[in-house]
Colleague: 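Input: one structure, supplied below.
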Amino acid sequence: MTSFTSSLKYLLSVAFWLVLWHMASLAIANSIILVSPIAATARLLELAGEGAFWQSLGTSLLRIMIGFVAALAAGIVIAALTSRMKWLYTLMLPIFNVIKSIPVASFIMLVLMWMSSSNISTFIAFVTVLPIVYFNTYEGTKTTDIKLLEMAKVFNVRPYKILRDIYIPAVTPHVISAASSGLGFAFKAGVAAEIISTARGTIGFNLHTARIFLQTEDVFAWTIAIVVLSYAMERTFKLLLKRVSNDTKTST
């Protein structure tokens, strides 16, 4: 019942903002400035009937997810290494702080001088998500039960069992949290990179084109597609990580 009530409240909240959006579009009465949610949805359904729409969606999804998964893997590995070697943590900390502080737009402009536009969204997604995963995972390693580690050392427990039974359960919630927030950042940064670099055949390129030709309905339609895609991937990835975590606990 609590879950149903929470879902109902959320749907009512969404409905409130959609009604407010519709009222604002009626008050402005200028489709170039603001279209209604009905018009934006109708345009999205039109685009969904075109093969180019799904091709652009697939291209952006693939490139951004490659960057995201690479950042997830690299962040976990580096966090594991720096938690064991404090000198490495001291060495890597300034790099991650710099990456975390540099604006995405600055990164994009720099990368445009180094690589082709087709690879930029992957790289930008990677550098955007990497610090999030790293810092979250590193904090997770610090919450590991010291007494369990000492006990494992006394009883000469094998390293892979220590990893499986002690470290993974402690770190998994932090990795799930990082993946959840990082995936949203990956899509935002990746699409922004596509817009600035005008990478053809991508979501960002279509947004860029729609803006130039003042096709506001297209801008909103593509934005809705990004939100839905990002939310769907976030939910899918979170469920996948939880399933892997549950399988690990079951095997122990």
Colleague: Any pair with a residue in residues 99-128 that passes ring-ring contact (aromatic ring centres under 6.0 Å, His included), sequence neighbours left out, goes on the list, sorted by first then second residue, please.
Modeller: none
Colleague: Measuring from Thr128:OG1 to Lys100:NZ, what's the distance to the nearest 0.5 Å?
Modeller: 13.5 Å
Colleague: To check you understand the geometry: which heavy-atom pair defines the closest contact between Ala225 and Leu44, and what is its length?
Modeller: CB-CD1, 4.0 Å
Colleague: If you look at every heavy atom in His174 and Gly140, which pair is closest and at what distance?
Modeller: CD2-CA, 3.3 Å
Colleague: Considering residues at least two apart in sequence or located in another chain, which fulfil the side-chain hydrogen bond (donor to acceptor under 3.5 Å, both in side chains) criterion with Ser56?
Modeller: Asn206
Colleague: Just so I know, are the side chains of Tyr89 and Leu81 near enough to count as touching, which here means a heavy-atom distance under 4.5 Å?
Modeller: no
Colleague: To which residues is Val19 joined in a hydrophobic cluster, defined by side-chain heavy-atom contacts under 4.5 Å among Ile, Leu, Val, Met, Phe, Trp and Tyr, whether direct or through other members?
Modeller: Met23
Colleague: What distance separates Ser230 OG from Phe185 CZ, expressed to the nearest 0.5 Å?
Modeller: 11.0 Å
Colleague: Can you see which heavy atom on Gly182 is nearest to which on Ile132, and at what distance?
Modeller: CA-CD1, 4.1 Å
Colleague: Report yes if the side chains of Ile120 and Leu112 come closer than 4.5 Å at any heavy-atom pair, otherwise no.
Modeller: yes
Colleague: Could you tell me which residues satisfy ring-ring contact (aromatic ring centres under 6.0 Å, His included) with Phe187, sequence neighbours excluded, listed by chain and number?
Modeller: none
Colleague: By the definition side-chain hydrogen bond (donor to acceptor under 3.5 Å, both in side chains), identify the one residue from Tyr138, Tyr134, Trp87 that meets it with Thr82.
Modeller: Tyr134
Colleague: So, does Ser117 use its side chain to make a donor-acceptor pair with the main chain of Ala199 at under 3.5 Å?
Modeller: no
Colleague: Spell out, yes or no, whether Val219 and Ile33 are grouped together once hydrophobic residues are joined by side-chain heavy atoms under 4.5 Å, including indirect joins.
Modeller: yes
Colleague: For the residue pair Val191 and Ser121, establish whether any side-chain heavy-atom pair is separated by less than 4.5 Å.
Modeller: no
Colleague: Would you list the pairs meeting side-chain hydrogen bond (donor to acceptor under 3.5 Å, both in side chains) in which at least one residue belongs to residues 33-48, sequence neighbours left out?
Modeller: Arg43-Glu46, Arg43-Asp218
Colleague: With clusters defined by side-chain heavy atoms of hydrophobic residues (ILVMFWY) lying less than 4.5 Å apart, directly or transitively, does Leu214 cluster with Val35?
Modeller: no
Colleague: Show your working on side-chain contact (heavy atoms from CB on, under 4.5 Å) between Val104 and Ile124 and close with a plain yes or no.
Modeller: CA-CA 8 Å; Val104 175; Ile124 294 300; 3.9 Å; yes
Colleague: Is Ile195 reachable from Phe53 through a run of I, L, V, M, F, W or Y residues, each pair having side-chain heavy atoms under 4.5 Å apart?
Modeller: yes
Colleague: Can you get from Ile32 to Phe213 by hopping between Ile, Leu, Val, Met, Phe, Trp and Tyr side chains that sit under 4.5 Å apart?
Modeller: no
Colleague: With the side chain counted from C-beta on, respond yes when Val127 and Ile102 share a heavy-atom pair under 4.5 Å apart, and no when they do not.
Modeller: no
Colleague: Other hydrophobic cluster members with Leu26, side-chain heavy atoms of Ile/Leu/Val/Met/Phe/Trp/Tyr under 4.5 Å, chained?
Modeller: none
Colleague: Is it the case that more than 12 heavy atoms not belonging to Met109 sit under 6.0 Å from its CE atom?
Modeller: no
Colleague: Is there a donor-acceptor contact under 3.5 Å from the side chain of Asn119 to the main chain of Met115?
Modeller: no
Colleague: According to ring-ring contact (aromatic ring centres under 6.0 Å, His included), does anything in residues 20-47 pair up with another residue at least two apart or in another chain? List the pairs.
Modeller: Trp21-Phe220
Colleague: Anything under 3.5 Å between a donor and an acceptor, one on a side chain of residues 62-80, the other on a protein residue two or more places apart or in another chain? List them.
Modeller:
residue	atom	partner	partner atom	Å
Arg63	NE	Ser118	O	3.4

Colleague: Could you list all the side-chain hydrogen bond (donor to acceptor under 3.5 Å, both in side chains) pairs where at least one residue sits in residues 188-203, not counting sequence neighbours?
Modeller: Ser60-Glu194
Colleague: Is it true that atom CD1 of Ile99 has more than 12 heavy atoms of other residues, nucleotides or ligands lying nearer than 6.0 Å?
Modeller: yes
Colleague: Consider only side-chain heavy atoms of I, L, V, M, F, W and Y, link residues closer than 4.5 Å, and tell whether Ile38 and Leu47 are in one cluster.
Modeller: no
Colleague: Sequence neighbours excluded, which residues qualify as ring-ring contact (aromatic ring centres under 6.0 Å, His included) partners of Tyr231?
Modeller: none
Colleague: Phe135: which residues meet the ring-ring contact (aromatic ring centres under 6.0 Å, His included) condition with it, sequence neighbours left out?
Modeller: none
Colleague: When clusters are formed from ILVMFWY side-chain contacts under 4.5 Å, directly or step by step, what else is grouped with Trp17?
Modeller: Phe16, Leu20
